[in-house]
Amino acid sequence: MLRSHTCGELRAENLGAHVALCGWVDRVRDHKGVIFIDLRDRWGRTQVVVGPENSAELLALAKTVRPEWVILVRGTVGARPDGTTNPKLATGAIEVSCQHLEVLNEAETPVFQPGATDLPGEEVRLENRWLDLRRPAMQENLFLRHRIVKIMRDYFDDLEFIDVETPMLGRSTPEGARDYLVPSRLDHGAFFALPQSPQLYKQLLMMAGFDRYVQVAKCFRDEDLRADRQPEFTQLDVEMSFVESADVMGVIEGLVQRTAREILGLEVPVPLPRLTWDECMERFGHDAPDLRYGLEIVDLTPEASGSEFRVFKAAAESGGRVRGIRVPGGATRFSRKELDELTALAVEAGAKGLVWLKVEAGGEFSGPVAKNLVGEVGAALRAKLAAEPGDLVLIVADSFDVSCKALHTLRKRLGATLGLYDPNSMHFSWVVDFPMFAHDAESGGWASMHHPFTAPRAADLQALESDPARCRAQAYDLVINGSEAGGGTIRIHDSATQEKVFKLLGISAEMARERFGFLLDALRSGAPPHGGIALGIDRWVMLLGKLDSIRDVIAFPKTQKASDLMTGAPSPVEAKQLVELGIRTVVPPPKA
RNA sequence: GGGGGUGUAGCUCAGUUGGUUAGAGCGCCAGCCUGUCACGUUGGAGGCCGCGGGUUCGAGUCCCGUCACCCUCGCCA
């Protein structure tokens, strides 16, 4: 070991100790006769002093040192003179009086200094990720990630879960997200797919009798990216045998509790709040609502259908809904321009428009369409909304889906701009009883809401074929602050039900046999009831770290176009490689 | 694929109505400086104004196209 201590551990107790420190030069303050070097490593920063008591050679050498050089310093821990201690630094009471300085490696002037105050743009950070990762903030993020994953592993180990690795090279399934494909060299024209999740493998591990499985699993989905979505991401994948929904949720609640306690010092009461999917859509318009604030959606369809107001009437008569949000005290908080912006938001979400109404001191509505909502209809609406003078009311009249989308968008915007919640607060909850199926716009048939292996509620088993839309799944999503932080289901454990579901999804018996024959066989070979969940580790770390981007908790993330600015991946490959794989590329001709 | 934002010195940014030689802070280089910690101070170097085309006497600025990055809708079982 080249060093005796790290740059973060020396304190007044170490006074007089002879120490050796290694690290990066964070900053140099050259006062000619005395030179201060801030030495930085993973653990912190320590001030090194070269002064008049040192030889001219050492002083001269210290003068040449530049930021980001890697140096070794030997010296004595000394107290800083009165008035020169630095309370901002953990090591600020002491300094190391240098007796020996060795340059382990010089550094070219860095594109940016990790110790600088202003953050470079993300493009520069990603191109020079090794420099970006030297920044204490980024190191903190990765330490946090490590701690969270460690808690997860310990927690499940305590509960006798077994960590099993599953293949990266698997079989492509056209359902779900787009696959990342890997060509087979030994079987030209055939491809592996990288896992979207280890779903089937973990189910097979249950059928193999492992009972409790856990894995920190890398997953791949070739879909467009967002601030909280990367093409490759990490899930804490969990599966259990002989369980019902409540058992899986209970286990995860224990993990939430332990993580919140150890990471945030927060006591989370369990069981966590549970909302059904239907309730979520009615009250919040979304299946992962942020429950840190109110602004709940109120259904005004019955009240509005009695009105002569064309917009409301049309929506109600065509089977749509009239729904609104009351913004307490909102009447005076929004300018006309801001109300226009809210309208634009609603329109962007698919709504034909937004009705906004202010409740005047006299109790009447005012606003562009208020004249349509006078008298009894207006009174009924206000009563349903519990609207009081000074309130703002936003109403969307449209199909249920559109009203959900528009009102959810508005609710989110209002919650943030009105500061209705403490951004540092954390709220955990469950959303349960998801529909089994949703209409698939592409095929016109049914598509799995979760995945094709999800078990319906026992009560809905009969409705599976007669009324699929009504079927609810034994599914549960963990929601943190309006973010889907995990989701799971109880799985189908008998082949008959599984075949029924495949059929409903338009997967013929032959297709099912070809793609999932092994699963159907395994289901017939003594499959225990089982279920599980997958937690999005990247999102957990982002949320617990109160960060805005998933990229800040991933060491080497990709851009929105799924490229790696540091390595240049993806890149063209040599023709020889393609020949070996039996692949010919079709590059679109350059535009004229 | 759609909508929005950004792109000017190594970094962060300013740049007026189209007008002479494109600026600032930080960083870099050099000088001065024995207690600083975002050290101070003096001087200096450093520009494909993302790229291509156009309009114009004249373009960082206006127009068209294009690329990259970010946010977002679709998409993400």
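In what follows, every chain begins at residue 1, and chains take the letters A, B, ... in the order their sequences are listed.
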Heteroatom pairs (N/O) under 3.5 angstrom, protein to nucleotides 5-10 of chain B:
| from | atom 1 | to | atom 2 | distance (Å) |
| --- | --- | --- | --- | --- |
| rG10(B) | O2' | Val111(A) | O | 2.9 |

Opposite nucleotide pairing with rG43(B), Watson-Crick or G-U, both atom distances under 3.5 Å: rC29(B)
Aromatic ring pairing Tyr476(A)/Trp430(A), orientation class (parallel under 30°, perpendicular over 60°, tilted between):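 Ring orientation, 0 to 90° scale: perpendicular.
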Mutual orientation of the aromatic rings belonging to His286(A) and His408(A) [parallel < 30°, tilted 30-60°, perpendicular > 60°]: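 Parallel.
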Base versus backbone protein contacts along nucleotides 30-38 of chain B [heavy-atom cut-off under 4.0 Å; B, S, -]: S-SBBBBBB
Given rC70(B), rA68(B), rC71(B), the nucleotide with the shortest approach to the side chain of Thr559(A):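 For Thr559(A), the side-chain atoms sit closest to rC70(B).
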Ring centroid separation Phe453(A) to Phe516(A) under 6.0 Å: yes
Arg470(A) atom CZ, over 12 foreign heavy atoms within 6.0 Å: no
Heavy atoms of other groups near Lys503(A) NZ, more than 12 under 6.0 Å: no
rC11(B) base / Arg125(A) side chain donor-acceptor hit below 3.5 Å: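 Between rC11(B) and Arg125(A), which were checked side chain against base, a qualifying N/O pair under 3.5 Å is absent.
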Phosphate OP1/OP2 of rC71(B) contacted by Gln560(A) side-chain N/O (<4.0 Å):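 For Gln560(A), the contact criterion (side-chain N or O under 4.0 Å from OP1 or OP2 of rC71(B)) is met.
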Side-chain N,O (Arg229(A)) to OP1/OP2 (rG74(B)) below 4.0 Å: no
Protein-nucleotide distance (Glu223(A), atom CD; rU72(B), atom P), rounded to Å: 16 Å
